[in-house]
Protein chains: 2
Amino acid sequence: MPEKDVEATLPKHQRIRQEMAAQIRSLEPHSLLPTERELAKSQGVSRATIRLALDALREAGLVYRVQGAGTFVAGPTISKTLALSSFSEDMEIRGMVPSSRLLSADETPAGPELAEQLGIETDDLVIRLTRVRLADDEPICLETAHLPSARVPGLLDRDLGGSLYEVMQGIYHLKVVRAEQVVRAMVLDVGDASLLGTPPGAPALRMHRIGLDDRDRPVESTTSIYRADRYDLRLAVRRAE
Amino acid sequence: MPEKDVEATLPKHQRIRQEMAAQIRSLEPHSLLPTERELAKSQGVSRATIRLALDALREAGLVYRVQGAGTFVAGPTISKTLALSSFSEDMEIRGMVPSSRLLSADETPAGPELAEQLGIETDDLVIRLTRVRLADDEPICLETAHLPSARVPGLLDRDLGGSLYEVMQGIYHLKVVRAEQVVRAMVLDVGDASLLGTPPGAPALRMHRIGLDDRDRPVESTTSIYRADRYDLRLAVRRAE
DNA sequence: AAGTGGTCTAGACCACAGA
DNA sequence: CTGTGGTCTAGACCACTTT
C-alpha cells in the first residue's frame, strides 16, 4: 500500500494545498477565502505553511491575492500553466485514450546537432524512436524522440507502446522536470500527411523539446508534429515579477 | 526621480534576487552556489529571505536545487518561462524594432462570444482594433484586439501605433498580469496572406488570448496570426509539483 | 558523519484596502 | 480606523547526498 505511505509522508503544505484545491473547485469565482491567519489556526499550522500552500495554488492559477483585501477564487482556467507533460498524460487530461504505433526504433551516433542538444559527444550513441501517437485510435501526432543511449541501456528491448516518460522514470529513474520547447506552424508534406491521415498541405503544429532532468542534464530531444485540426496548445501565462 | 525611490523600497528578497541573477550570468553552468546559510549570513538576512530569492531564481530557470547537495547554476535557457508579453516587448527581446499599421478601429456591441469571454453583457460595447504588426518594417503578425469600452474610455482618440499594453497601463491603470492562450496552426487565406506579404497557403500560428488584470477580470480578447517563417514560440516549461 | 536543502514554528512589523 | 496580505526574523528538526 504505497498509497497510504505517500500520503503520510506528504509535507503539510502539500496536503493542505490538495485539500484546498478540492474545496476551491466547488466555490464561485471571486469568492473570498478565509484569511491566512484563520486558515493557519483551523489547520493547526503556522501562517508560513499556509502561505506555501496558497503560493502553489496561485501558481496553478486557482486563486489570486489582493494585498489588504484577501485571497479569492480565480476565474475558470482552461489550461494549467502549461505543465510539462508527456503525450500520454496530455491526452488523458483531455479525456482521451492514448496509444502508439511504433514506426522505427534504432541506435545511431548522435551527430553534431543532437550532440550539442544532449550535451554528449558527436559519436556517442543515441536511441531514436519514431512513433505515430493516437488518441481514441485516431492519429494525432508524429513523434521522433532521441535519447542518449548511455542513460537508457536496453531501452530498445522494452515495450515502447505506452508512455516513454513512464518507462524513463520507472526503469531508469530519469525524471524530466524541465524542458525547452520551440513551437512552429507548418504544412504537412505528402509523407507526413499520409501517416497522420490528413490531406497534404494541411496545417500542423511542430514542437521541438529538449527535456532536462532534476540536475539540469538533457535527457531527450524530441520533435512532435501535431495535426492542427485535432490539437491545440493551451497555456496560462503570468507576468514576470 | 522615482528610480531611486523604487529601488529603496524594493523588498530585500527582490533586491537580492536581482544581485544574484546578475552574478549568476557570469558563472559556468552547474557551478555550486554558496549555501543558503552562507548567503543569509553574508547578506545579513534570514535564511527564509534567501529562500524567497532562490525560489524566484529557480522559477526563472536560472538555478536548480538538489536536496542534500546544494544549489547550482542552471544550463543556458533560450526562453524565459514564456513570460506574458505584448508584441512590442516580444520583438524588443528578439532585438527587433516593433511597429504597427492600423487597419481599423471601431466600437461595436460585444455579441455573445466576446461577452462571455470578457464577462460583460451581450450589448455592452467593445473597442475593436485590427493592426498589422511589423518587426524591422516587415509584417509579422495580424492582430485583432477587443477591449471592453467601459474600461478604456476614449481609447480610440489615442495613438494606437505603439504598445497597447503600455497605453492600457499608463493611461487606464489596467495591468494584464495573467492570460489564457490557445495556440493553433493554420494556413493563410488570400486576404490574410496579402496583408502579411506571404503566398496564400503558407503556414501561420494563430494565437488567441484572454488577458486578465490583477483581480482576475478579463480586459482583452485578442487574436494574433503570426507568419510561421518569421515567428516561433519558445517556452520553458516545468513539471508541476 | 557532516552538511545540504526541505519543512515548519511563533512571533513581528509593514503597506495597502476598504468601510 | 481595522484587517488583509507582504515581508522578515531566529530559531528548529527532517530528508537527503556526499560537485
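Lettering of chains follows the sequences in order, A, B, ..., and the numbering in each one begins at 1.
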task = Would you please confirm or rule out a distance under 4.0 Å between OP1 or OP2 of D:dT9 and any side-chain N or O of B:Thr49?
result =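 Checking B:Thr49 against D:dT9: at least one side-chain N or O falls below 4.0 Å of OP1 or OP2.
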
task = Considering just the side-chain nitrogens and oxygens of B:Lys12, establish if one lies under 4.0 Å of OP1 or OP2 belonging to D:dG6.
result =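 For D:dG6, neither OP1 nor OP2 has a side-chain N or O of B:Lys12 closer than 4.0 Å.
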
Distance in angstrom units between [X] [atom1] and [N] [atom2], rounded:
{"X": "A:Leu54", "N": "D:dT4", "atom1": "CG", "atom2": "P", "result": "14 Å"}
{"X": "B:Ile50", "N": "D:dA10", "atom1": "CD1", "atom2": "C1'", "result": "14 Å"}
{"X": "A:Glu38", "N": "D:dG3", "atom1": "CD", "atom2": "P", "result": "11 Å"}
{"X": "A:Asp55", "N": "C:dT7", "atom1": "CG", "atom2": "C1'", "result": "14 Å"}
{"X": "A:Glu36", "N": "D:dC8", "atom1": "CD", "atom2": "C1'", "result": "14 Å"}
{"X": "A:His13", "N": "C:dT9", "atom1": "NE2", "atom2": "P", "result": "11 Å"}
{"X": "A:Leu39", "N": "D:dG6", "atom1": "CG", "atom2": "P", "result": "13 Å"}
{"X": "B:Leu52", "N": "D:dG5", "atom1": "CG", "atom2": "C1'", "result": "14 Å"}

message = Can a donor-acceptor pair be found, under 3.5 Å and without considering hydrogens, that links the side chain of B:Gln14 to the backbone of B:Pro11?
response =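 No; zero donor-acceptor contacts below 3.5 Å.
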
message = Given 3.5 Å as the limit, does a donor-acceptor pair link the side chain of A:Asp216 with the main chain of B:Gly75, or not?
response = yes

Sugar-phosphate, base or nothing in reach of A:Thr71, heavy atoms under 4.0 Å =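 Sugar-phosphate contact only.
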
request  = Report which part of the nucleic acid B:His30 touches: base, sugar-phosphate, or nothing (heavy-atom distance under 4.0 Å, all strands).
outcome  = base

message = Reading DNA chain D from 5' onward, which residue's closest nucleotide shows up sooner: B:Val45 or B:Ser31?
response = B:Val45

ask   = So which one's nearest nucleotide on DNA chain D is more toward 5', A:Arg217 or B:Gly44?
value = B:Gly44

remark   = Nucleotide by nucleotide, nucleotides 11-18 of chain C touches protein heavy atoms under 4.0 Å in the pattern (B base, S sugar-phosphate only, - none) -BB-BBSS

query = Could you state the interatomic distance from CZ (A:Arg209) to OG (A:Ser221), rounded to the nearest 0.5 Å?
reply =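 OG of A:Ser221 is found 10.0 Å from CZ of A:Arg209.
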
ask   = So how far is it from B:Leu235 CG to A:Met207 CE, rounded to the nearest 0.5 Å?
value = 8.0 Å

request  = Would you please test A:Tyr231 and A:Asp90 for side-chain hydrogen bond (donor to acceptor under 3.5 Å, both in side chains) and show each step?
outcome  = CA-CA 11 Å; A:Tyr231 187 84; A:Asp90 202 5; 2.8 Å; yes

Where the side chain of [X] is defined as all heavy atoms beyond and including C-beta, which of [options] is the nearest nucleotide?
{"X": "B:Phe72", "options": "C:dT7, D:dT9, D:dT19", "value": "D:dT19"}
{"X": "B:Ser46", "options": "D:dT7, D:dA10, C:dC8", "value": "D:dA10"}
{"X": "B:Arg51", "options": "D:dG5, C:dA10, C:dG5", "value": "C:dG5"}

inquiry  = Tell me which pairs pass ring-ring contact (aromatic ring centres under 6.0 Å, His included) where either residue lies in residues 47-67 of chain B, with sequence neighbours left out.
reply    = B:His30-B:Tyr64, B:Tyr64-B:Phe72

message = For residues 161-181 of chain A, which residue pairs pass the ring-ring contact (aromatic ring centres under 6.0 Å, His included) check, not counting sequence neighbours?
response =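 Counting only pairs at least two positions apart or across chains, no ring-ring contact (aromatic ring centres under 6.0 Å, His included) contact touches residues 161-181 of chain A.
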
